[in-house]
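Below, chains carry the letters A, B, ... as their sequence lines are ordered, and counting in each starts from 1.
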Number of protein chains: 2
Amino acid sequence: MYAVAMTPARGDHEARRAEVSAAVWRVLTERGFAGLTLRAVAGELGATTGLLTHYFPSKRALLRYALDLLDEAHAARPRPHAEAAGPDAEGLAALRAALLDILPLTPESAAGSRIWVSSWDAALADAELAGDHAARYRRARSRMAEFAAAAQRRGELRTDRTPQDLAGAAQSFVLGLVVQALFAPEEFPPERQRSLLDAYLADLAPDRVGSASSA
Amino acid sequence: MYAVAMTPARGDHEARRAEVSAAVWRVLTERGFAGLTLRAVAGELGATTGLLTHYFPSKRALLRYALDLLDEAHAARPRPHAEAAGPDAEGLAALRAALLDILPLTPESAAGSRIWVSSWDAALADAELAGDHAARYRRARSRMAEFAAAAQRRGELRTDRTPQDLAGAAQSFVLGLVVQALFAPEEFPPERQRSLLDAYLADLAPDRVGSASSA
DNA sequence: TAGTACATAACAAGCGTTGGGTATGTACGC
DNA sequence: GCGTACATACCCAACGCTTGTTATGTACTA
């Protein structure tokens, strides 16, 4: 339950930190990094900056924790696409599910995407944040590379590319689609995002022989 | 000539504004948007904030002008890829050239990419800036859609997709590749960016019969 | 009584912006 | 050719405000 608990079991330190992080997310989606101030976060929380400094030593620490938590929450959340593909989906279905999970197909995931895109500026200017991001994307890539390798073994993906190239290319495609969808949501509605992704994946199928024959 | 003229022909208003914009670019590449202050720009220029306010009514105006000028400069710059493909290249070659021009293949274009990615946060929080960006990307997409349509007519691209879908997908792919290259430059060196793009375009070829893709 | 969980208030630093001051031009009547 | 008049191009100093951070006070809990 994500109810807006007034006070979360006084003394529950970790829950309070999570609540603060959620307030950070809200501020980021609404005002971007330029609008992320301690007072804005506190206001979003109905509290004062004194609360924030009680739980976090600095603004940077607060931000890193919020981003970490967002990433974890994304990884741990119920995944409609992954489950639709079956909990132990392998190969192409798993790859497709992983890619779909990145796209801003719902308002909530759009808010999350918005935060990640926004965080790129801060990250590129801060070595530590950049390292966090690089690690995150690398991890996602290697996970997808495993799916791609399995898909190749199953004959679902063309084998004239390495799984790493397939994963890197697919992640590129999806990340770029996220950006475009954020800037032109009416031009890239969920259905089109899905169809573009499926078209992309269809082109990665192994060469079919004789499907349309001509000399 | 891009010499660092000490004073650009006193009275040359526009040249000064361009110089200021260049200083903005430098600050953005080095410190990101969080570090973009009038004092930083002035310091980069060896001047004071008085100079800036003399040429621009506000910081926002200064930023918009700098981004506009960066976009124009990109569009007008000598294009090695476009020229290699021939000045009047059409179809797939033109599309490939346009896509290559977006990738951060050189340190200079990497700096430009860095600025654009950084600007996404500010843009997503500012309707006017977001409009500028959306217009820019839309324009680029429609240009590429024309190339794609020509390529289809020439039999260079598969025809079971609309030119708009092909352009949108290609731009997504390239934008995402830009992001990944910025965060993991050692993993996405220029050669790999190029080969990933070429692999992507190869998959968009019309279905070939019987010729397993040579690789 | 001790400690946690805050609110409150103040701090110095830095921000965008403003306005006054000062050179350095250009225009023009003489 | 020269002095006056005015505009341009800046520097400099200061304004009011916001920022992250710190210190202090206070209520509640155990």
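In this structure, B/Thr29 has no side chain to side chain donor-acceptor pair (under 3.5 Å) partners at least two apart in sequence or on a different chain. For B/Phe147, the ring-ring contact (aromatic ring centres under 6.0 Å, His included) criterion is met by no residue, not counting sequence neighbours. For A/Ser21, the side chain to side chain contact (heavy atoms under 4.5 Å, CB included) partners two or more places apart in sequence, or in a different chain, are A/Trp25, A/Tyr65, A/Ala66, A/Leu69. Judged as a ring-ring contact (aromatic ring centres under 6.0 Å, His included), and not counting sequence neighbours, the contacts of B/Tyr55 are B/His13. Checked against side chain to side chain contact (heavy atoms under 4.5 Å, CB included), A/Glu187 has the following partners two or more places apart in sequence or in another chain: A/Ala184, B/Arg138, B/Arg141.
Within residues 52-60 of chain B, the residues having any heavy atom under 4.0 Å from DNA chain C are, by residue number, B/Thr53, B/Ser58, B/Lys59. Taking every heavy atom of residues 30-45 of chain B and every atom of DNA chain C, pairs under 4.0 Å involve B/Leu36, B/Thr37, B/Leu38, B/Arg39, by number.
For the OP1/OP2 pair of D/dC10 and a distance below 4.0 Å, the side-chain nitrogens and oxygens of B/Arg16 include at least one atom meeting the criterion.
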If you look only at distance, which donor and acceptor atoms sit under 3.5 Å apart when one is on a side chain in residues 33-51 of chain A and the other is two or more places apart or in another chain?
from    : atom 1 : to      : atom 2 : distance (Å)
A/Thr37 : OG1    : A/Ala40 : N      : 3.0
A/Glu44 : OE2    : A/Arg26 : NH1    : 3.3
A/Thr48 : OG1    : A/Gly50 : N      : 3.3

B/Trp116 and B/His74: CA distance, side-chain angles, deciding distance, side chain to side chain contact (heavy atoms under 4.5 Å, CB included) verdict: CA-CA 12 Å; B/Trp116 287 119; B/His74 176 85; 5.7 Å; no
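Taking atom CG of residue A/Leu51 and atom P of nucleotide C/dA7, one finds them 5 Å apart after rounding to whole Å. Between the CD atom of B/Glu19 and the P atom of D/dA9 there is a distance of 13 Å, given to the nearest Å. The distance from atom CG of A/Leu62 to atom C1' of D/dT19 is 14 Å, rounded to the nearest whole Å.
Pairs passing the salt bridge (Lys or Arg N to Asp or Glu O under 4.0 Å) check and including a residue from residues 167-182 of chain B, sequence neighbours excluded, do not occur.
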